Each structure stands twice: as C-alpha cells, then as structure tokens.
Protein chains: 2
Amino acid sequence: MPTSPAPLAERSLPLRERKKLRARRELVETALRLFLDRGFDETTLNDLTEAADVSLRTFFRMFPSKEAVALAAESELWDAYLEQFARYDIDGTVLDALRDTLVTTIANMGEDWTRRFLATRGLVARTPALRDHSDLTSITVQRRLVEILETKLDTDSRTDVRLRQLGEIALASWRCAAKNWIRDNPGPRGGKAKVARLAREVREAFDAIPACITLRP
Amino acid sequence: MPTSPAPLAERSLPLRERKKLRARRELVETALRLFLDRGFDETTLNDLTEAADVSLRTFFRMFPSKEAVALAAESELWDAYLEQFARYDIDGTVLDALRDTLVTTIANMGEDWTRRFLATRGLVARTPALRDHSDLTSITVQRRLVEILETKLDTDSRTDVRLRQLGEIALASWRCAAKNWIRDNPGPRGGKAKVARLAREVREAFDAIPACITLRP
DNA sequence: CTATATAATGCCAGTGACTGGCAGTTCTTG
DNA sequence: CAAGAACTGCCAGTCACTGGCATTATATAG
C-alpha cells in the first residue's frame, strides 16, 4: 500500500525536510492502521515505532504524545481553519464569519484528509483517551481563535467578554456537529458525501444558537 | 493544623466510612499544601502519599489520577451544581435556570470550600496539566447537564441540537467567568468577597451571550 | 571534492504515573 | 466471638515520556 500521495508543497524542499515529512506521514499512516486494528490502548508506542521503522526518540521529536499522532487529521483541519479565518474579511456578524469559514475549510480539505479524518473520528468515538484529547484540542483552538479575534476587532478579550464567548460558541458548535455526525455515520465508507453531511451539521449547530437562548420547557 | 471541620453528614456514618472520609480529606489537604509549596509537577505521588501517610495503592482507590486530588474542590462544586439543577423547577428560559442555579450553588458552597477553591484555581492558573484537566472536567459536566435536560424537557438531545448547545454554552460561560475571575484575583486572600465576584462574573458571562451572536466588527 | 559545521537520529538508562494480585488487617454482623 | 466482607499495604510490573550522548546524514565552505 503506497502512502498518501505527496502534496505539492513537498517538491523542491531540502532533502532533509522531505525525509522528515515522509517519516511523519509514515507514522500517521501506520498509527491509524494499528490503532484501528488492535485498538489505541492495546497498541504500545514500541509496536508503532517498530512497525514504522522509526526510533521512539524520533517519534517524540515529531509528536508531543501518543494521542497527537492519532489525531493528526484533526490538527490539520484546525491549522487550515485558523489560517483561513485569520485571512477572512469579516463582513456580517462575527458568528457568521466563524461558521462560514469553518464550513468552507471542511469542504476544501481534500480526498486523502477525508479518509484519514473518518478513520480518526471512529477511533475517537470508541477511545476515551482520544475523546478527551480531542476536546482539549478544540479548547486550544478556541484560545487561538480569540487571539485572532482580538487582532481583527482590535479589542482586548479582557474588556469584552464577548470575544471569548464567541470562541467558545464556535467550538461548542463544532463539538455538537462532530458528535451528531459520527453518531449517524458509524461506517468507514463513503468519503465525499459524509464530509458534506459534516459541513451541514456544523451549519445547523451554529444556526441553532439563537433559538437556544430562548428555549423554555 | 486541624483538618477542615467535619461536615455534619459525617456523623453517624459507619466507622469505616468515616475513616475513609478522613483519609480522603487528609489527602486533599496535604496535596494542596504540597502542590502550592513545591508546585504540581515537582511533587511526586510518593511525596504526597508519604506525607499523608497513606499507601500509594490506597490513593488510587480514592482518586482516579494525580490531577483529581488537586481539583477536588472543583468536583465538589460540580456535584453540588448538578444536584441543584436536577431539582430545580425551570420556570423561565432554560438558560436563565442554568445561570441562576450556578450562581446560587457558588454562593452556597461554604467557608472551607472557598478557601480550597481559591488555592486550587491559583494552582490551575500556573499548571498546564491542571488547566487541561479542569477543562476536561467542565466538558464532562456539560455531558451530565445534557442528560438532566433530556429528562427535564423529555426530549432527546439527538433530535434537538439545542439541548447540547445549551450545555455547551453554560459551561463556556463558566470557563469565561473563571478565567476572568482568576486574572483579576491573583492573591490568595479574601474569601467571601472573591466568591461574590466569581458569582458576578458568571452572571455577566451568561448575560453576554445574546449580544455575542449579533456582534459585528 | 574534501573538510567542517549543522542537524537529525538512534540508543540507553532513567523517572514517575498507574495497575493487578495477594497477603494481612480492620470493621461488621449473625 | 467467629465468619465474612471490605479495606489497606506491599511488590513487581507496564508504559508513556525525557535527558544525554555517540553516530550518521545532510548542508556548506574552501
């Protein structure tokens, strides 16, 4: 099985960097395979590094933790999202901007990412340690989002609580969407359509917010 | 130094239970002292269990992790909150109910809790591992909140996203409030007034939500 | 093309959180 | 008071993660 096709960015990088990227991809790919096969907790880092033919020490130079390699696909999404949002020129409400950029980012992630992300979410759904780590990651994203908002709106989040709340609400919507999505999509097949469904879930979660605050029993 | 005065609940419990509670309190108290003194990461569980005169094995029968003993005060708040909210008869909007019960719960936590909670938050502010664990705890609370909401409103959170969103928003408000609160209150002194301020921060965070969704640059 | 600087890697021997198992002790209860 | 239940302590083990150093591979200067 060939590893995922090399992104264009890889070409014409110094040899050293290319090797690094290759090893990294090898680790992510092998990790996903092993974790799906035997389970996350049942696979030791020794198993993984041996299978990927990388020393344990090197593994920890590339990933900060065992969880991180399993959640690599999610990290890629967040990097793309934050970059996208940082560029985005907010026209309407901030909340709409947060929603639209996220939906767009998801839609633009590409074929190979979709495959890995689906696998990852399946893993997250049945592994408490990964679920925790995934939640933690989303909270980190929220913090970075607030920083971007501070720049964009030229306001300090300390003086205006709303910046922080917006970050929280955006990632809350994401968590809702991701949870609803994986619930209705347990199987591992069918890339494109599923991603479209995820984007729709995200949109719905964001749009449900106004109706939340007035909900009565 | 005497440990904190025994709550009334302790009286007339079987001897075994009382001993267990006493050991537990001893651990929490000692942990807080050691962690504040030397730092969380710099204190090993060996240090702690030795100082509290409990075997390591017993420690892990009482707490699921090193972080848990440091965050005991927070857990107590959440237990109280969930119980309070479960009883509460929602009259106006759900969001108001979530806010009011949280504010009330905080205000009713008692003297000794206040002291420990202040210390805990100071620790959380300067210890990444604890900050993570605290965030994780709040997400767990959110899940339990959604379950309670499902019962109260007799609705499945799968069919109505708003339940989950409300849980998220409530805990998001808590995180905002806690963050703003500790920022302006670095010192370890002055119990009652600070708790009042925390309650106010919570109220403000909740009340900022409607204005969030319409915020424009 | 060689020599030297630079950086990535592999290896080893930790540290420390957490766990299973078992033997001994302490409560509870009939 | 005896039998059983519930703890507790101890021991040895697993595994994620880390610091330090020798080795090797790449980049660069002469």
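Being a predicted model, the structure only gives us computed values, none of them experimental. Quick note on labels: first sequence line is chain A, next is B, and so on, each numbered from 1.
The distance between atom CD of B:E42 and atom C1' of C:dG16, rounded to the nearest whole Å, is 13 Å. What separates CG of B:L21 from C1' of D:dC7 is a distance of 14 Å, to the nearest Å. As rounded to whole Å, 16 Å separates atom C1' of D:dA6 from atom CZ of B:R18. Between A:D41 atom CG and D:dC15 atom C1' there is a gap of 11 Å when expressed in whole angstrom units.
Under a 3.5 Å cut-off, the side chain of B:T105 and the backbone N or O of B:T101 do form a donor-acceptor pair. A side-chain donor-acceptor contact under 3.5 Å links B:K66 to the backbone of B:T43.
In terms of phosphate contacts, A:K19 brings a side-chain nitrogen or oxygen within less than 4.0 Å of OP1 or OP2 of D:dT26. Taking 4.0 angstrom as the limit, A:K66 places none of its side-chain polar atoms (N or O) nearer than this to OP1 or OP2 of D:dC15.
Shown here for A:L32 and A:A70, the closest heavy-atom pair between the two residues is CD1-O, 4.2 Å.
Contacts of residues 45-61 of chain B with DNA chain D (heavy atom under 4.0 Å): B:V54, B:S55, B:R57, B:T58, B:R61. If you check residues 132-140 of chain B against DNA chain D, you find no residue with a heavy atom closer than 4.0 Å.
Ion pairing of A:R33 with A:D37 is absent here, as no side-chain N (NZ or NE/NH1/NH2) approaches a carboxylate O to less than 4.0 Å.
A 6.0 Å sphere centred on CZ of A:R143 holds more than 12 heavy atoms belonging to other residues, nucleotides or ligands.
Using a 3.5 Å distance cut-off with no hydrogens or angles, the side chains of B:R164 and B:S157 do pair a donor with an acceptor. Using modelled atom types, one finds a donor on one side chain and an acceptor on the other under 3.5 Å when comparing B:S134 with B:E74.
Judged as a salt bridge (charged side-chain N to carboxylate O under 4.0 Å, His left out), the pairs with a partner in residues 168-181 of chain B (not counting sequence neighbours) are, in order, A:E168-B:R175, A:R175-B:E168.
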